[in-house]
2 protein chains.
Amino acid sequence: MAYTLHRGDALTVLTRLADHSIDAVITDPPYNSGGRTSSERTGRTPRAKYTSSDAAHDLADFPGDNRDQRSYIRWLAELLTEAYRLTREHGSALVFSDWRQGPATSDALQMAGWTWTGVMPWRKPTARPRKGGFKQDCEYVYWGVKGTVDRSRDLYLPGFFTASQPRKDRVHITQKPVEVMRQLVQICPEGGTVLDPFTGSGSTGVAALREGRHFIGIELSRHYADLAEERLRGELSRDDFVLVGPEK
Amino acid sequence: MAYTLHRGDALTVLTRLADHSIDAVITDPPYNSGGRTSSERTGRTPRAKYTSSDAAHDLADFPGDNRDQRSYIRWLAELLTEAYRLTREHGSALVFSDWRQGPATSDALQMAGWTWTGVMPWRKPTARPRKGGFKQDCEYVYWGVKGTVDRSRDLYLPGFFTASQPRKDRVHITQKPVEVMRQLVQICPEGGTVLDPFTGSGSTGVAALREGRHFIGIELSRHYADLAEERLRGELSRDDFVLVGPEK
DNA sequence: TAATTGTATGAATCCATGA
DNA sequence: CTCATGGATTCATACAATT
């Protein structure tokens, strides 16, 4: 297994990649969510929007979390259009979203040509409660395919995930649990290639390598690109990775 | 606790009800999905769509499940507009949807004036697996409020439900588990009134009565109106219902 | 070693205050 | 008035510290 990391803007780098070189696009774009007013959403850093005021951690902000909803849909649709071009027939796109941006994500996916085939909730047991009603403790993975689902594969994946956010060793505010990502990357055939245009700290890549898929990542921020590089390099030199047997 | 059942068309009956008489609208409209093409959606009866071909069900069809998506949104928005008028300030609407109609449901809710405040997945552990990818084993409850959430209530509800569809004693194709509905009706203050314009077999009403809320139901089909009537009457004569203590 | 107690925090949300 | 800003708040859960 091998990986490639590009440092730069997602859309710019995508346009340079070759047609039909990718089997699955799995990514977690900035949600541009958080806050009731436009200025709350666009005028604050991710840390200010998403972090408890008494939290002691010192994780870096990430860029691109300040679009309004209209330009968010257009931007995401354009990105997913490029991703569609790169993807082989029957390939998949898996896009993370919170509850607020769900409809926008579904729209963008379909505007880009993907066939929307499902939604998989990811439940986070440690979400904040909400006084006066129902808490919102799920994020969502929107699933699109290029053309139709490949029904010839003997593959049965869950429709729902539950896992806590990484706490120890966390390096990104929105870091995803590797155990969830390991399930998701299986939508890519073994030995195929997974693309993540918003690599962040690289959990998608880590999962891809552990599950025997190649990985191509793109990350704008130097800080996170370096962190992802380090984590991915560490994966290739893990001597226990041959111990990972076939999933039951 | 008391209940009222109207037999008739939802929209027609709603226009006859009084302003500000309702605390929570909790309902499961016909989803109108279940097929990729317009003809697949409109050409089959609900039984043909929602039951597997080999299942030995004997459940009656229900009407109003063959609109295309555009008119579905308009129809649902109109219905939710009437429901909005009936509802008190800070009251809630909880609308069931499958994954396909989620964006449409969110649109209709907001078109009708409700503030969209969340989505709660309901997971059905017995859903069929899907060859070649992720199974779709969740339905969704879309939550809207009139104005803002009432933060003065000391109420903390879950953001996620898991429960199997009733198997024994099931009388409606899309019957909801009472244990899920008992959580949902708590968004209505104790002693308040819950409205369900698509009563079906009456699970919302059963849950409302058990949790100490009044219930108003509307059901078009004579068959299901009779069934709901019977179930609700049975609730009022349960001698164990006084044993239901205050929720912790 | 196992059980118990203690502490920090969450892709938030709400509200008072000031511009 | 509206809009922007910053600080206070909520509890289940994870993990560390302690018994």
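Using modelled atom types, one finds no donor on one side chain facing an acceptor on the other under 3.5 Å when comparing E235(A) with Y3(A). R167(B) and T126(B) share no side-chain donor-acceptor pair at under 3.5 Å. Looking only at atom types and distance, the side chain of R231(A) has a donor-acceptor partner in the side chain of S203(A) under 3.5 Å away.
Side-chain atoms of K135(B) never come within 3.5 Å of backbone atoms of Y156(A) as a donor-acceptor pair (strictly under, hydrogens ignored).
If you take NZ of K131(A) and P of dT9(D), they are 12 Å apart, rounded to a whole angstrom. Atom-to-atom, CD of E40(A) to P of dC14(C) comes out at 10 Å; the value is rounded to the nearest Å. Between R47(A) atom CZ and dA12(C) atom C1' there is a gap of 15 Å when expressed in whole angstrom units. With rounding to whole Å, R41(A) atom CZ is found 13 Å from dC3(D) atom P. Residue W116(B) contributes atom CH2, which lies 11 Å from atom P of dT13(C) at whole-angstrom precision. Distance W143(B) CH2 to dA12(C) C1': 13 Å, rounded to the nearest Å. If you measure from atom CZ of R130(A) to atom C1' of dT10(D), you get 12 Å, rounded to the nearest angstrom. The separation between L59(A) atom CG and dG10(C) atom C1' is 12 Å, rounded to whole Å.
At the phosphate of dA8(C), neither OP1 nor OP2 sits under 4.0 Å from any side-chain N or O atom of H57(A). Phosphate proximity of dC11(D) to Y156(B): present, with a side-chain N or O under 4.0 Å from OP1 or OP2. Regarding contacts with the backbone of dT13(D), every side-chain N or O of S164(A) stays at 4.0 angstrom or more from both OP1 and OP2. Applying the 4.0 Å criterion to OP1 and OP2 of dA4(D), one finds that S39(A) has a side-chain N or O inside that range.
Using N1 to N3 plus N6-O4 or O6-N4 for Watson-Crick, or N1-O2 and O6-N3 for G-U wobble, each under 3.5 Å, dT10(D) pairs with nothing.
Residues G35(A) and R170(A) both approach DNA chain C. Their nearest nucleotides, taken by heavy-atom distance, put R170(A) toward the 5′ side. Heavy-atom nearest nucleotides on DNA chain D were determined for R151(B) and for P166(A), and the one closer to the 5' end corresponds to R151(B).
You won't find any donor-acceptor pair under 3.5 Å spanning the side chain of T51(A) and the base of dT9(C), going by distance alone. Below the 3.5 angstrom threshold, one finds no donor paired with an acceptor across the side chain of S53(A) and the base of dG7(D).
Residue A55(A) is in sugar-phosphate contact alone, with no base atom involved, counting any heavy-atom pair closer than 4.0 Å across all strands shown. Nucleic acid contact class of Y140(A) (heavy atoms, under 4.0 Å, all strands): none. Within the 4.0 angstrom heavy-atom criterion, no nucleotide atom of any strand lies near P46(A). Residue contacts for A48(A): at a heavy-atom cut-off of 4.0 Å it reaches no nucleic acid atom on any strand shown. Among the atoms of the strands shown, none is found under 4.0 Å from any heavy atom of P158(B). As judged by a 4.0 angstrom heavy-atom cut-off over every strand, D137(A) is placed among residues making no nucleic acid contact. Within 4.0 Å of K49(A), counting heavy atoms only, lies at least one base atom of the nucleic acid.
The side chain of R100(A) sits closest to dT13(C) out of dA12(D), dT13(C), dG10(C).
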For a side-chain contact (heavy atoms from CB on, under 4.5 Å) check, start with the C-alpha distance between M181(B) and V206(B), then their side-chain angles and the critical distance, and finish with the verdict. CA-CA 9 Å; M181(B) 302 314 296; V206(B) 169; over 6 Å; no

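Between F134(B) and W143(A), the two ring planes are perpendicular [angle over 60°; tilted spans 30° to 60°].
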